[in-house]
Amino acid sequence: MEGGRVHVSFLVFLLSFIVITTHSRGHGSICPPEKHAALFVFGDSLFDAGNNNYINAIPFLLANYPPYGETFFKYPSGRFSDGRVIPDFIAEYAKLPLIPPYLHPDYSQLYVYGVNFASGGSGALVETRQGPVIDLKSQLNNFKTVKKQLEKELGHEEAKELVSKSVYIFSVGGNDYATPFLTNSSIPYPLEEFVDIVIGNITTVVKEIYKLGGRKFGFSNVAPLNCFPILRMLGNASLDSCQDEQVSVLAKLHNNAFTNTLEKLEKELKRFKYAVFDFHNELIRVMKYPSKYGFKEGEVACCGGGPYRGDYSCGGKRGIKEYELCENVSEHVFFDSIHSTDRASKHFAELFWSGNKYITKPYNLKALFGIEIKAV
Ligand SMILES: *[C@@H]1O[C@H](CO)[C@@H](O)[C@H](O)[C@H]1NC(C)=O
Ligand SMILES: *[C@@H]1O[C@H](CO)[C@@H](O)[C@H](O)[C@H]1NC(C)=O
Ligand SMILES: *[C@@H]1O[C@H](CO)[C@@H](O)[C@H](O)[C@H]1NC(C)=O
Ligand SMILES: *[C@@H]1O[C@H](CO)[C@@H](O)[C@H](O)[C@H]1NC(C)=O
């Protein structure tokens with residue numbers, strides 16, 4: 001129905017205008033809905049923009065209290081950062097408005113620019129969690145709901161085009177491998193088998209999105225988890241040795257095997273395109289040589305307590321009331337004992353967006369956004 005379409009487009013325009021005016025800080029021109037590729041975000045706390053605020057999450061998996069959010073949003077949005085997380089910068093570079101969390105009650109109609117499904121504490125496996133989270137399968141189900149909604153709002157053809165042009169980014173796997181170490185429980189499978197199971201579950205989700213029409217995928221690979229302040233405080237490892245410990249070895253096994261999986265998928269699935277950002281090595285690089293990238297402190301977190309400020313007490317709501325806060329957060333790579341500062345996230349997002357072929361490959365996100373894919 002033509003009249004209905006015009007009405008909906010106008011509504012979308014109007015609502016986007018509201019989003020742009022409330023959240024446009026730092027954004028240049030925003031593409032009109034019919035021209036842009038949307039951004040759909042999946043994964044864990046490195047990408048969560050506040051979904052955990054709306055589930056019954058435990059304090060360990062929440063960041064909706066000060067000093068989270070204080071340097072950029074000026075309120076604790078639920079992002080595990082003093083400001084923005086990587087997808088916020090990606091949206092900016094793609095000339096999209098800020099991508100809202102799926103569960104945010106005010107934005108339920110604004111999915112034409114994409115939506116963020118990520119949930120702090122989630123992993124590829126349903127059993128990876130230390131409290132209620134939105135696991136990867138549920139994130140996929142939420143995407144299915146969004147796709148139906150888009151079909152209703154835009155019509156079948158336009159929704160199909162939007163879905164095929166869009167970029168789907170993931171930060172997943174880290175929690176699967178880190179949780180046994182954080183909870184002091186045994187690793188559930190032999191190492192190689194564990195990696196196969198995690199990758200198997202990620203692959204299932206990627207293939208489902210492909211079946212629904214998605215073609216462009218971006219992955220931030222798994223970090224050297226033992227180098228995070230939280231695990232270094234427990235293990236007391238030097239920056240060189242933290243990379244050799246078991247959980248970091250799992251991350252490396254995962255990253256190598258996942259590269260192979262993606263190469264296979266590219267051959268198997270027509271028009272499947274992807275980018276892998278080597279977060280693992282880029283994080284080590286900036287931790288080792290912080291001053292090269294404009295930071296002063298690569299190893300000690302800004303917010304927390306204990307060695308490396310690794311005790312995850314930032315904000316004082318996770319069982320430890322007292323915590324320290326650094327003077328200048330921009331000097332630090334880590335904000336709390338797990339998560340990057342706004343400034344470090346920007347650094348990583350730039351590399352994910354336009355990094356060279358040694359850092360983000362085979363495409364970077366800028367190239368992925370630019371690829372023309374016709375819905376068929
Ligand atoms: C972890 O578990 C081992 C044995 O299962 C125990 O000896 C050790 O004290 C535990 N460590 C912590 C930090 O709970
Ligand atoms: C997904 O993970 C479950 C454990 O949660 C495992 O039993 C299953 O085999 C995995 N699926 C794939 C395709 O690897
Ligand atoms: C960490 O290592 C340093 C130097 O090797 C040592 O002095 C300190 O006691 C260790 N701390 C813990 C908690 O093991
Ligand atoms: C904080 O640190 C950043 C990065 O080193 C620097 O550019 C900035 O000037 C510092 N701000 C203050 C207030 O010292």
Side-chain angles (χ1 to χ4, degrees), residues 26 42-44 67 69-72 74 81-84 89 119 121-141 170 172-180 183 185-212 217 219 222 250 253-265 268-269 272 285-303 309 324-336 340-350:
F42 296 81
D44 52 32
E70 281 189 356
T71 53
F72 183 79
K74 310 293 180 199
S81 165
D82 58 300
R84 291 158 289 186
F89 293 102
S119 167
S122 69
L125 309 185
V126 176
E127 62 269 27
T128 296
R129 59 200 186 103
Q130 297 174 52
V133 298
I134 311 161
D135 62 67
L136 192 61
K137 292 232 165 65
S138 307
Q139 294 181 29
L140 170 67
N141 287 335
F170 293 76
V172 63
N175 281 319
D176 299 289
Y177 303 122
T179 300
T183 56
S185 48
S186 58
I187 303 179
Y189 308 93
L191 301 193
E192 258 106 17
E193 194 183 329
F194 192 13
V195 167
D196 282 347
I197 288 172
V198 168
I199 290 180
N201 277 266
I202 298 172
T203 306
T204 304
V205 169
V206 168
K207 282 184 163 171
E208 283 281 321
I209 295 173
Y210 178 87
K211 259 200 256 167
L212 293 162
F217 295 82
F219 305 90
V222 175
L250 272 168
L253 281 174
H254 173 98
N255 291 340
N256 287 335
F258 193 50
T259 302
N260 296 337
T261 300
L262 289 170
E263 283 168 5
K264 273 191 217 135
L265 284 179
E268 197 183 313
L269 308 174
F272 174 87
R285 198 193 304 277
V286 75
M287 287 178 78
K288 271 193 173 162
Y289 312 108
S291 59
K292 222 174 135 178
Y293 305 95
F295 299 94
K296 285 210 175 116
E297 179 52 68
E299 303 183 49
V300 178
C302 168
C303 184
R309 295 208 177 110
E324 300 157 3
L325 190 63
C326 64
E327 267 184 27
N328 184 347
V329 64
S330 298
E331 292 175 349
H332 287 253
V333 172
F334 284 96
F335 179 59
D336 67 18
S340 314
T341 56
D342 179 277
R343 183 140 183 264
S345 295
K346 179 168 195 270
H347 172 72
F348 297 129
E350 280 169 3

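Whatever order the structure lists them in is the order used to number ligands and atoms, beginning at 1. No experiment lies behind these values; they were computed from the predicted model shown.
- The side chain of R343, and not its backbone, has at least one atom closer than 4.0 Å to an atom of ligand 4 (non-hydrogen atoms only; side chain from C-beta on).
- Residue contacts with ligand 4 include E331, since one or more of its heavy atoms lies under 4.0 Å from the ligand.
- Taking the six-membered ring for Trp and the full ring otherwise, F194 and Y177 have centroids separated by under 6.0 Å.
- Counting non-hydrogen atoms of other residues, nucleotides and ligands closer than 6.0 Å to OH of Y293 gives a total above 12.
- Using a 4.0 Å cut-off to heavy atoms of G294, the atoms of ligand 4 that qualify are 4 (C), 5 (O).
- Close N/O approach between S330 and ligand 4 is not found [any backbone or side-chain N/O within under 3.5 Å].
- If you check the gamma sulfurs of C326 and C303, they are not less than 2.5 Å from each other.
- Put simply, the side chain of D176 gets close to the backbone of L125: a donor and an acceptor are under 3.5 Å apart.
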Self-check item: S138/D135 under side chain to side chain donor-acceptor pair (under 3.5 Å): CA gap, chis, key distance, verdict
Solution: CA-CA 5 Å; S138 307; D135 62 67; 3.3 Å; yes
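- Note on residues 188-201: pairs passing side-chain hydrogen bond (donor to acceptor under 3.5 Å, both in side chains), not counting sequence neighbours, are K137-N201.
- T128 contributes no side-chain N or O that, together with a main-chain N or O of G123, makes up a donor-acceptor pair within less than 3.5 Å.
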Per-pair distances, ligand 2 N/O vs protein N/O, less than 3.5 Å:
residue	atom	partner	partner atom	Å
ligand 2	2 (O)	N201	OD1	3.2
ligand 2	2 (O)	N201	ND2	2.4
ligand 2	5 (O)	E127	OE1	2.8
ligand 2	5 (O)	E127	OE2	3.2
ligand 2	11 (N)	N201	ND2	3.1

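- Interatomic distance, M287 CE to F334 CZ, rounded to the nearest 0.5 Å: 4.5 Å.
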